[in-house]
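As the structure is a prediction and not an experimental result, all values here were calculated from the model.
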Amino acid sequence: MNMIKTAMLIAFMTALFMGIGYLIGGTGGMMIAFAIAVVMNGFSYWNADKMVLRMNGAVEVDERSAPEYYGMVRDLAANAGLPMPKVYIINQEQPNAFATGRNPENAAVAATTGLLDQLTPEEVAGVMAHELAHIQNRDTLIMTITATLAGAISMLGNFALFFGSGRDNNNPLGIVGVLIAMIVAPFAAMIVQMAISRTREYSADRRGAEICGRPDWLASALAKIAQAAGRSVNVPAERNPATAHMFIINPLNGQRADSLFSTHPDTQNRIDALMAMTDAGGPPARPHRPEPAPRRTSGVPGTGNRWGRSHDGSDGNGGPWG
C-alpha cells in the first residue's frame with residue numbers, strides 16, 4: 001500500500017512540476033519540465049538520501065567511533081526486525097534526528113550532537129526507535145523524494161518571473177500564469193509536503209514506542225526537543241527548509257503550531273497520544289534499556305565536543321555515548 005501511495009505522490013508532484021512548466025513556457029515548457037522531473041525522480045530514488053545527509057553535514061560513525069550510540073541503534077533495529085541502518089551524527093547544537101533511505105536495506109539514521117548531549121539515554125532510545133519506525137513503515141523514501149521535488153518546485157516558481165514574462169514565450173496565461181507559477185504551485189507543494197509529514201508522525205510515534213517498549217521515553221524526548229528547538233537555530237535546515245518535515249521535530253524556529261502551515265503535528269498532541277498508550281498498559285514489546293556508559297576516549301569524527309576526541313586530537317570530557 002505504501003508503494004502505491006508513493007507512486008501516486010510522485011505522479012502528483014511530477015504533474016505539478018509540469019504544470020509550472022506549462023504556465024511558464026506553454027507546451028514546450030511542460031515537456032521540458034516533464035523531462036527534468038523524470039531525471040529528478042530517478043536521481044532522488046538513488047541519491048536523495050546521500051544529498052540530505054550531506055546538506056546537514058552528517059558524519060557516519062560506527063561501533064568504534066560511537067559505541068553506545070551505534071550499539072543502541074543496533075539493538076533497537078534488532079527489536080524491530082530491521083537490517084542495521086547506517087548511523088550518522090550531525091554536529092549541531094539543536095537536538096533533533098531524522099531517517100532517510102529508499103528502503104530498509106538502504107537506510108540511515110542521523111542524530112545531532114545536541115540530541116545526544118541533552119537527552120537521557122532512555123529518551124535517545126525513544127527518538128531513535130521513532131526514526132527506525134519511519135524506516136519500517138517505508139516513510140523515508142516518500143519523505144526524501146517529496147523534499148527534493150518540493151524544493152525544485154519552489155525554485156522553479158522563483159525563476160518563473162524571470163523566464164516566464166518575456167514577450168516571445170509560449171505562456172498561455174501571460175502574467176497571470178507567471179503569478180500562479182510563482183505563488184500557487186510552490187504553495188501546493190508545501191501543503192502536500194506538510195500533510196505527508198503530519199500524518200506519518202503519529203504512526204511513527206506509536207510504532208517507535210512499540211520498538212523501544214516505553215512510550216514515556218519518546219514523550220519525554222519530544223517535550224525536551226520541542227522546547228530546545230525554539231532556542232537554537234539549525235542553520236542547515238534553515239537553508240534547506242524543504243527538508244524540515246524529515247526531522248522528528250520541526251527544526252525551523254517558530255513553527256510548532258498544529259495548523260495547516262505546520263510541518264509537524266502539535267507536540268503536546270503527540271505526547272498525549274503516547275501517554276495514552278502508557279495509561280493503557282504500554283505496547284506489547286520488549287524494552288531496550290540503555291546501560292550507563294563508561295567514559296571513553298574515542299570520539300566522533302568531525303566533532304570537537306564532549307563526545308570524545310576534540311579537533312586538536314586531545315581527549316574530550318567523555319559523556320553518555322563516547
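- Ser232 and Glu93 are not linked by any side-chain donor-acceptor pair at a separation below 3.5 angstrom, with hydrogens and angles left out of the test.
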Under the side chain to side chain contact (heavy atoms under 4.5 Å, CB included) criterion, do Glu60 and Val87 qualify, and how do the steps go?
-> CA-CA 6 Å; Glu60 186 173 1; Val87 182; 6.0 Å; no
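- In this structure, the side chain of Glu122 does not engage the main chain of Trp217 through any donor-acceptor pair within 3.5 Å.
- Here the OG1 atom belonging to Thr112 is positioned 9.5 Å from the CD1 atom belonging to Ile89, to the nearest 0.5 angstrom.
- Across all non-hydrogen atoms, the minimal contact from Leu132 to Ala77 is CD1-N, 3.6 Å.
- Two residues are said to be in side-chain contact when any heavy atoms from C-beta on lie closer than 4.5 Å; Val59 and Asn91 fail this criterion.
- Two residues are said to be in side-chain contact when any heavy atoms from C-beta on lie closer than 4.5 Å; Tyr88 and Thr100 fail this criterion.
- The CG atom of Leu116 sits 12.0 Å away from atom CD of Glu123, with the distance rounded to the nearest 0.5 Å.
- The neighbour count for Met84 CE, taken as heavy atoms of other residues, nucleotides or ligands under 6.0 Å away, is above 12.
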Are Leu252 and Asn234 close enough, and set up right, to give a side chain to side chain contact (heavy atoms under 4.5 Å, CB included), and what steps lead you there?
-> CA-CA 7 Å; Leu252 308 179; Asn234 188 324; over 6 Å; no
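- Residues forming a side chain to side chain contact (heavy atoms under 4.5 Å, CB included) with Ile32 (at least two apart in sequence, or on another chain): Ile36.
- When the salt bridge (charged side-chain N to carboxylate O under 4.0 Å, His left out) test is applied to Lys86, no partner is found at least two apart in sequence or on another chain.
- Across all their heavy atoms, Ile135 and Ala108 have their closest contact at CD1-O, 4.3 Å.
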Please lay out, stage by stage, how Leu119 and Ile225 fare under the test side chain to side chain contact (heavy atoms under 4.5 Å, CB included).
-> CA-CA 8 Å; Leu119 271 62; Ile225 298 171; 4.2 Å; yes
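- A donor-acceptor pair under 3.5 Å is absent between the side-chain atoms of Gln227 and the main chain of Lys224, judged by distance alone.
- Note that CZ of Arg54 and CG of Asp49 are 9.5 Å apart. Values are rounded to the nearest 0.5 Å.
- In terms of heavy atoms, Ala125 sits closest to Cys212 at O-CB, 4.2 Å.
- Here the straight-line distance linking atom CZ of Arg206 with atom OH of Tyr202 works out to 14.0 Å at 0.5 Å rounding.
- A donor-acceptor pair under 3.5 Å is formed between the side chain of Asn56 and the backbone N or O of Val52.
- When all heavy atoms of Val127 and Ile248 are compared, the closest pair comes out as CG1-CD1, 4.0 Å.
- Shortest non-hydrogen contact noted between Met246 and Glu131 is O-OE1, 4.5 Å.
- Under the 3.5 Å distance criterion, the side-chain polar atoms of Glu68 are left unmatched by any main-chain donor or acceptor of Glu63.
- Residues satisfying the side chain to side chain donor-acceptor pair (under 3.5 Å) criterion with Asn47, sequence neighbours excluded, are absent altogether.
- Qualifying side chain to side chain donor-acceptor pair (under 3.5 Å) partners for Gln92, counting only residues two or more places apart in sequence or in other chains: none.
- Every side chain to side chain donor-acceptor pair (under 3.5 Å) that Asp216 has, sequence neighbours left out, goes to Arg214.
- Side chain to side chain, Gln94 and Asn96 meet the donor-acceptor criterion of an N or O pair below 3.5 Å.
- Formation of a donor-acceptor pair under 3.5 Å by the Tyr69 side chain with backbone atoms of Ala111 is found in this model.
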What do the steps show when you test Asp272 against Asn269 for side chain to side chain donor-acceptor pair (under 3.5 Å), and what is the final call?
-> CA-CA 5 Å; Asp272 291 344; Asn269 290 348; over 6 Å; no
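- Annotation: side chain to side chain donor-acceptor pair (under 3.5 Å) contacts of Thr140 (sequence neighbours excluded): none.
- Between the side chain of Asn137 and the backbone N or O of Asp139, no donor-acceptor pair lies under 3.5 Å.
- If you run side chain to side chain donor-acceptor pair (under 3.5 Å) between His134 and each of Arg200, Arg207, Glu201, only Glu201 comes through.
- Residues Pro104 and Arg138 approach most closely at CD-NH1, 3.4 Å, considering heavy atoms.
- The CG atom of Asp205 lies 5.0 Å from the CG atom of Leu274; values are rounded to the nearest 0.5 Å.
- Side-chain contact between Pro236 and Met55 is absent, with no heavy-atom pair separated by less than 4.5 Å.
- A donor-acceptor distance shorter than 3.5 angstrom exists from the side chain of Ser65 to the backbone of Asp62, with no hydrogens or angles considered.
- The CD1 atom of Ile271 sits 11.5 Å away from atom OG1 of Thr278, with the distance rounded to the nearest 0.5 Å.
- Contact of the Leu141 side chain with the Asn103 side chain is not registered, since no non-hydrogen atoms from C-beta on lie closer than 4.5 Å.
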